[in-house]
Amino acid sequence: MISVEHLTKCYGDFVAVDDLSFEIDEGHVYGFLGPNGAGKSTTMNIMTGCLSATSGRVLIDGHDIFEEPKLAKKLIGYLPEQPPLYMSESPVEYLQFVGEAKGLRGEELRQQIAQVIEQTRIGDVQHKRISALSKGYRQRVGIAQALLGKPRVIILDEPTVGLDPIQIIEIRDLIRELGRSHTVIFSSHILSEVQTICDEILMIAHGKLVAFDEPGKLEKRLLSPNEINLVTDAGAEQAQKLLSPIEEISSVSTSPMDGGYLRVEIRTDSGDIYSVSRKIFNAFKSSGKVLLEMSLKKANLEDLFIELSEGADDGGSNADSNESEAKEK
Ligand code: ADP
Ligand code: MG
């Protein structure tokens with residue numbers, strides 16, 4: 001449905017999106033997960049034709065977003081990070097305006113407006129001024145305008161940011177619901193949110209795709225190589241020799257520490273890590289060497305995500321930094 005090919009975006013010398021490639025299939029909910037400054041908004045702005053790319057291309061159902069923007073954009077509904085809502089208007093007036101801009105007229109326009117108002121449940125505020133609405137309702141109005149024109153793909157940039165907990169739950173439910181009839185791509189910097197809503201996670205950091213898989217599989221893959229770290233008074237050679245009979249061990253690396261101690265990092269693919277650590281303990285015990293420290297390290301999605309987030313937030317404020325280059329829709 002969507003094909004992103006070697007997408008790169010530079011701001012001067014700074015590479016915000018770095019040779020990004022991925023495919024989006026129809027009918028799934030995709031979560032674009034990454035810390036602030038990862039390049040999520042930049043990528044989404046390019047995918048929706050609101051921002052030009054430095055190189056690479058985006059095809060929406062075979063149509064290049066820059067070469068055939070009309071055909072490509074018809075297939076996408078977009079809620080940007082800062083939706084351009086007109087505060088003095090009511091949701092109905094705003095939807096009328098957006099619908100006309102999307103080429104809808106007359107009865108068709110009227111019907112679609114009624115439909116998206118119902119879908120996003122903004123009926124009770126449809127005639128109030130947008131400036132008087134809560135952030136949660138404004139976000140729904142933003143989603144409603146994305147739905148006009150019946151696009152097959154809905155792209156939502158951080159739709160739950162700035163909402164209170166109840167509103168967050170409501171918007172998440174709405175995203176799930178939209179996922180039944182649309183391909184949905186939404187971005188978030190909250191791991192648990194992406195884990196619970198989407199069928200596929202695209203993890204992005206420093207403008208690069210670092211993982212792309214189903215939430216469960218991603219976690220399983222990351223959990224499998226378990227690590228045992230220890231500190232001993234054995235020498236490197238002796239430690240290797242003590243550990244070599246233990247079949248479940250897949251790799252051992254050692255590094256000397258101050259005071260003549262040795263740090264050993266052991267990896268195992270065994271599902272029963274305690275059985276492996278028992279064998280290691282017994283091997284050292286029978287040799288008369290001492291284990292001064294022994295710890296288990298289990299990788300999980302949260303760890304990986306935190307690791308990726310570290311150092312990624314150095315770009316300063318980027319909440320409105322896309323505006324200068326964003327083109328008119
Ligand atoms: P995310 O949405 O994942 O938080 P963005 O795509 O907004 O990330 O930003 C990615 C990086 O590009 C950030 O480091 C940000 O500071 C930088 N950036 C975004 N827009 C601009 C711009 N118009 N000019 C310069 N740098 C920008
Ligand atoms: Mg963003």
Side-chain angles (χ1 to χ4, degrees), residues 2 4-22 24 29-58 65-66 76-85 135 138-139 142-143 146 153-163 167-168 171-172 175 184-195 197-198 200-212 301-302 304-329:
I2 299 183
V4 170
E5 299 172 4
H6 301 288
L7 202 64
T8 296
K9 178 70 182 180
C10 303
Y11 294 111
D13 290 341
F14 180 74
V15 185
V17 174
D18 193 358
D19 194 27
L20 202 59
S21 297
F22 57 85
I24 300 286
V29 178
Y30 290 85
F32 231 64
L33 176 70
N36 285 328
K40 304 182 295 296
S41 297
T42 303
T43 305
M44 288 182 152
N45 280 332
I46 297 172
M47 286 169 74
T48 51
C50 300
L51 183 72
S52 63
T54 304
S55 61
R57 62 175 192 166
V58 177
I65 191 81
F66 292 106
I76 317 170
Y78 183 36
L79 174 70
E81 203 162 27
Q82 270 136 6
L85 294 174
K135 179 99 207 288
R138 283 185 202 171
Q139 206 63 313
I143 295 174
V153 186
I154 303 291
I155 301 183
L156 311 169
D157 194 359
E158 304 244 15
T160 64
V161 152
L163 303 185
Q167 295 168 339
I168 287 178
I171 294 291
R172 287 179 186 169
I175 295 172
V184 180
I185 309 170
F186 77 99
S187 67
S188 171
H189 60 277
I190 303 162
L191 172 67
S192 59
E193 173 165 290
V194 170
Q195 251 174 326
I197 306 178
C198 64
E200 298 276 346
I201 296 182
L202 289 100
M203 217 187 263
I204 163 168
H206 306 291
K208 285 191 164 79
L209 189 67
V210 290
F212 186 0
L301 232 46
E302 196 77 49
L304 177 73
F305 188 57
I306 289 168
E307 200 180 299
L308 291 172
S309 309
E310 278 165 5
D313 209 3
D314 50 15
S317 161
N318 52 53
D320 53 9
S321 48
N322 285 323
E323 277 177 12
S324 55
E325 284 220 23
K327 283 192 251 165
E328 286 287 313
K329 251 194 179 175

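Remember, it's 1-based here, ligands and their atoms both numbered in the order they're listed. Every value quoted in this text rests on a predicted model; they were computed, and no experiment measured them. All values below were derived from every heavy atom in this structure, side-chain atoms included, with hydrogens, water molecules and symmetry-related copies excluded.
The closest donor-acceptor contact from the side chain of K208 to the backbone of A38 lies at 3.5 Å or more, if one exists at all. For the pair T54 (side chain) and C10 (backbone), a donor-acceptor distance under 3.5 Å is present.
Looking at every heavy atom in both residues, M44 comes nearest to F186 through CE-C, 3.8 Å. Pairing each heavy atom of G31 with each of C198, the nearest pair is N-CB, 3.6 Å. Between L33 and H189, the closest heavy-atom pair is CD1-C, 4.0 Å. Contact detail for Q139 and P83: the closest heavy-atom pair is OE1-CG, 4.2 Å.
Polar contact with ligand 1: absent for T43 (N/O pair, distance under 3.5 Å). Residue-to-ligand polar distances place G39 within reach of ligand 1: an N/O pair is separated by less than 3.5 Å. In terms of polar-atom proximity, defined here as any N/O pair under 3.5 Å, N36 makes no such contact with ligand 1. Between K40 and ligand 1, a contact under 3.5 Å exists for at least one N or O pair.
Judged by the shortest distance from any of its heavy atoms, G34 lies outside the 4.0 Å radius around the atoms of ligand 1. The closest approach between a heavy atom of G12 and any atom of ligand 1 is not below 4.0 Å.
The existence of a salt bridge linking K40 and E81 is excluded, since no basic side-chain nitrogen approaches an acidic carboxylate oxygen closer than 4.0 Å.
Contact atoms of ligand 1 toward S41: 1 (P), 2 (O), 6 (O), 7 (O) (distance under 4.0 Å to a heavy atom of the residue). Near P35, the atoms of ligand 1 lying under 4.0 angstrom from a non-hydrogen atom of the residue are 3 (O).
Using a 4.0 Å cut-off between heavy atoms, S187 makes no contact with ligand 1 at all.
Among the atoms of T42, no N, O or S atom is found under 2.8 Å from the Mg ion (ligand 2).
Nearest N, O or S atom of E81 to the Mg ion (ligand 2): atom OE2.
Between S21 and L7 there is no side-chain heavy-atom pair separated by less than 4.5 Å.
The heavy atom nearest to atom 11 (C) of ligand 1, out of those in F14, F32, Y11, is found in F14.
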